[in-house]
Amino acid sequence: MAAISFTPYVQRPPIPLLSKPRTLKIKTLKTKPRVSTQASPTSQLALSDPFVLQLAEALEDSLPSSSSSSPPLPLQNLRDSSSEALLSTPWPSRKDEPFRFTDTSFIKNSEIQPISRPPSFPSILEDTHFPTLVIVDGFVVNFSNLTELPNGVYVGSLLELSEETIMKRVSEFVSSSCDGDLFWSINGIGAPDLTVIYVPSGCRVEAPVYLRYFANEGGDEGSNKLPLSNPRVLVLVEKGGEIGIIEEFLGGDGDKCYWANSVFEVVVREGGKVRHSYVQNQSLNAAHIKWTWVRQESASTYELVEVSTGGKLSRHNLHVQQLGPDTITELSTLHLSVGDQTQDLHSSIVLDHPRGYSRQLHKCIVSHSLGQAVFDGNIKVNRYAQQTDGGQLTRSLLLAPRATVNVKPNLQIIADDVKCSHGAAISDLEESQLFYFQARGIDLEAARKALLFSFGAEVIERLPYAWMKKNVESQIKELLDPTNKGS
């Protein structure tokens, strides 16, 4: 079995983000009256991280400006609240518990360049026959088949939203406070627009909405340039509504260097259902940081299936809160690290009401000596969440010497009438299983491949669409066995 090792953190001198110092332009904060029980904006600025403030300033400067119109109120409120949060938020280091095993200095020591305008991107893409939005560098640049959506469903840009009823509903949720981290707030300032997916009460959307993210801007391999994009999506499913959503992140051409900082918010009202499929296949030189924030009301269902294979640094922050009884949450993830990569999942499920149901399955494969996987999963069953049925399982395969995995499953139970379990396992392929194949005339290499593919198949099989399963299976086989490319 491969040894479990911890990579030492080496502090390197930071590379300046901007050529000259700037002052953060948070005019709304500076003009607020001072409250005696809190620190003033001036004192907050004095205590803030200079690097974070420079980044925030660069993000504000990159936003499109227009003297004739201002951004919609939900977007402006989001930017204001995010700016305020950044005043007292330092850049994370490995001294911070949530980032103890995740080194973000790769991002900080790069020349970060927020992307300020929509890219020139070819509009000719294959027709998926689904309602599709193409998001490039954080900007919606193309859409197709949206006219086939049921009446009352809206999929598109907040800047182009004219329906006042939907705008009002979006306003109730998009700027609501949460416990997001620095990267959540960076997205809140830098998101040029908000992609809205709205499903009215009682509406069932048969075809999934397909969100395809591309990275167009990027530095050459080995360069210090790191273009930054901030795509943001809000999904609001009203009472009894149902929809499937596919998110696919692609790296574009080559192994470019860039930073995709994405946020995906989901609100599922009473009796609603969301099936969420998330496939991440970014450049192996990219940073990919994603927040998924889910709020579920009573008798609602949220299902997530994730397959993440790309990125030099890939981190998924996943938070689910059950806000009513009889609520169902199912999370299935597969992470694969085949190079000098960090695949990180930090998840949190909070159950506050009776008869909640949750299941979490996390699997990862690390097949490179410099590869690393991190899993920090927390399930909290609070006092009034009686008769909860919760389960968590994480399993990891280490296939190379010095390959690293850090797992921290955590099940906190305050209620006394529950049925909960969790488990964790880290190993190489078992010798007894390999011997079973060899005893039946199957060579060792073929046996290892069969066991590896079957290990990941438990998650892949949960993808709700056959064509997705086929594509992901081909990708996984190619990554684990590059000699079979094209077979």
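Bear in mind the structure is a predicted one, so any value in this text is a computation, not a measurement.
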TODO: Establish, from distance only, whether the side-chain atoms of Glu248 and Tyr210 form a donor-acceptor pair under 3.5 Å.
DONE: yes
- [ ] Identify the two heavy atoms, one from Gly219 and one from Pro227, that lie closest to each other, and give their separation to 0.1 Å.
- [x] N-CD, 3.9 Å
TODO: Check whether any side-chain heavy atom of Leu304 sits under 4.5 Å from a side-chain heavy atom of Thr292, and report yes or no.
DONE: no
TODO: Answer with yes or no after comparing the ring centroid distance for His276 and Phe264 against a 6.0 Å cut-off, counting only values under it.
DONE: yes
- [ ] Without swapping roles, check the side chain of Asn77 against the backbone of Asp80 for a donor-acceptor pair under 3.5 Å.
- [x] no
Open item on the list: A quick test of your reading: do over 12 heavy atoms of other residues, nucleotides or ligands sit less than 6.0 Å from CZ of Phe143?
Closed with: no
TODO: Could you please spell out the steps behind the salt bridge (charged side-chain N to carboxylate O under 4.0 Å, His left out) verdict for Glu297 and Arg269?
DONE: CA-CA 5 Å; Glu297 296 188 4; Arg269 304 300 303 279; 2.6 Å; yes
Open item on the list: I'd like to know if the side chain of His346 reaches the main chain of Pro98, judged simply by a donor and an acceptor atom lying under 3.5 Å from each other, with no hydrogens or angles considered.
Closed with: yes
Task: Pair Arg169 + Glu172: basic N to acidic O under 4.0 Å - done: yes
Open item on the list: If you compare all heavy atoms of Pro231 against all heavy atoms of Tyr213, which two are closest, and at what distance to 0.1 Å?
Closed with: CB-CE2, 3.8 Å
Open item on the list: Suppose we screen for salt bridge (Lys or Arg N to Asp or Glu O under 4.0 Å). Which residues come up paired with Asp326, at least two apart in sequence or across chains?
Closed with: Arg355
TODO: Please answer whether the main-chain N or O of Phe183 pairs with a side-chain N or O of Ser185 as donor and acceptor at a distance below 3.5 Å.
DONE: no
TODO: Determine the minimum heavy-atom distance between Thr327 and Gln322, stating which atoms define it.
DONE: O-NE2, 3.5 Å
Open item on the list: So, using salt bridge (Lys or Arg N to Asp or Glu O under 4.0 Å) as the criterion, who are the partners of Glu461 when residues are at least two apart?
Closed with: Lys469
Open item on the list: I'd like to know if the side chain of Asn285 and the backbone of Asp255 have a donor-acceptor N/O pair within less than 3.5 Å.
Closed with: yes
Task: Name of the residue among Arg462, Arg395, Gln392 meeting side chain to side chain contact (heavy atoms under 4.5 Å, CB included) with Leu361 - done: Arg462
Task: N-O pairing of Glu221 and Lys256 below 4.0 Å - done: no
Quick one: side chains of residues 408-419, donor-acceptor pairs under 3.5 Å with protein atoms, not counting sequence neighbours, listed by atom name and distance.
from	atom 1	to	atom 2	distance (Å)
Lys408	NZ	Glu97	OE2	3.2
Asn410	ND2	Asn378	OD1	3.0
Asp416	OD1	Gln386	NE2	3.4

TODO: Taking the six-membered ring of Trp184 (Phe, Tyr or Trp), confirm whether the NZ or CZ of Arg232 is under 6.0 Å from its centre and within 45° of its axis.
DONE: yes
Open item on the list: For the backbone of Gly310 and the side chain of Gln343, can you confirm whether one donor and one acceptor N or O come within less than 3.5 Å of each other?
Closed with: yes
Task: Over all atoms of both residues, closest heavy-atom pair of Gln341 and Val338 - done: OE1-N, 3.0 Å
Task: Sub-4.5 Å side-chain heavy-atom contact between Thr89 and Val52 - done: no
Task: Chi angles and distances behind the side chain to side chain donor-acceptor pair (under 3.5 Å) call for Ser337, Gln372 - done: CA-CA 7 Å; Ser337 179; Gln372 178 183 217; over 6 Å; no
TODO: Considering non-hydrogen atoms only, spot the tightest contact between Gly377 and Ser347 and give its length.
DONE: CA-OG, 3.4 Å
TODO: Could you tell me whether a side-chain N or O of Ser62 sits under 3.5 Å from a main-chain N or O of Leu59, the two making a donor and an acceptor?
DONE: yes
Task: Counterpart residues, salt bridge (Lys or Arg N to Asp or Glu O under 4.0 Å), relative to Asp137 (two or more places apart) - done: none
- [ ] State plainly whether the residues Glu265 and Arg295 are in salt-bridge range, i.e. N to O under 4.0 Å.
- [x] yes
Open item on the list: Applying side chain to side chain donor-acceptor pair (under 3.5 Å) to Thr309 and Gln280, what does each step give before you reach the verdict?
Closed with: CA-CA 6 Å; Thr309 62; Gln280 189 271 107; 5.8 Å; no
Task: Ring centre gap for His335 and Phe375 strictly below 6.0 Å - done: no
Residues 189-199 side chain polar contacts: donor-acceptor under 3.5 Å, at least two apart:
from	atom 1	to	atom 2	distance (Å)
Asp193	OD1	Ser157	OG	3.3
Asp193	OD1	Leu158	N	3.4
Asp193	OD1	Leu159	N	3.4
Asp193	OD2	Ser157	OG	2.3
Tyr198	OH	Glu238	OE2	3.0

Task: Sub-6.0 Å ring centroid separation between Phe249 and His288 - done: yes
- [ ] Enter the distance from Leu228:CG to Tyr258:OH here, rounded to the nearest 0.5 Å.
- [x] 12.5 Å
TODO: Would you please indicate if the ring centroids of Trp293 and Tyr302 are separated by under 6.0 Å?
DONE: no
Task: Heavy-atom donor-acceptor pair, Lys225 side chain to Ile112 backbone, under 3.5 Å - done: no
For residues 146-153, run the donor-acceptor check on the side chains, cut-off 3.5 Å, and write out each pair with its distance to 0.1 Å, sequence neighbours left out.
none

Task: Over-ring placement of Lys290 relative to Tyr278, 6.0 Å and 45° cut-offs - done: yes
- [ ] Report the C-alpha distance between Trp91 and Thr104 in whole Å, list the side-chain angles of each, state the deciding distance to 0.1 Å, and finish with yes or no for side chain to side chain donor-acceptor pair (under 3.5 Å).
- [x] CA-CA 9 Å; Trp91 188 269; Thr104 61; 3.0 Å; yes
- [ ] Before giving the answer on side chain to side chain donor-acceptor pair (under 3.5 Å), spell out for Asn230 and Asn261 the whole-Å C-alpha distance, their side-chain angles and the decisive distance to 0.1 Å.
- [x] CA-CA 5 Å; Asn230 292 283; Asn261 187 51; 3.0 Å; yes
Task: Test: Glu60 and Arg79 ion pair at under 4.0 Å - done: no
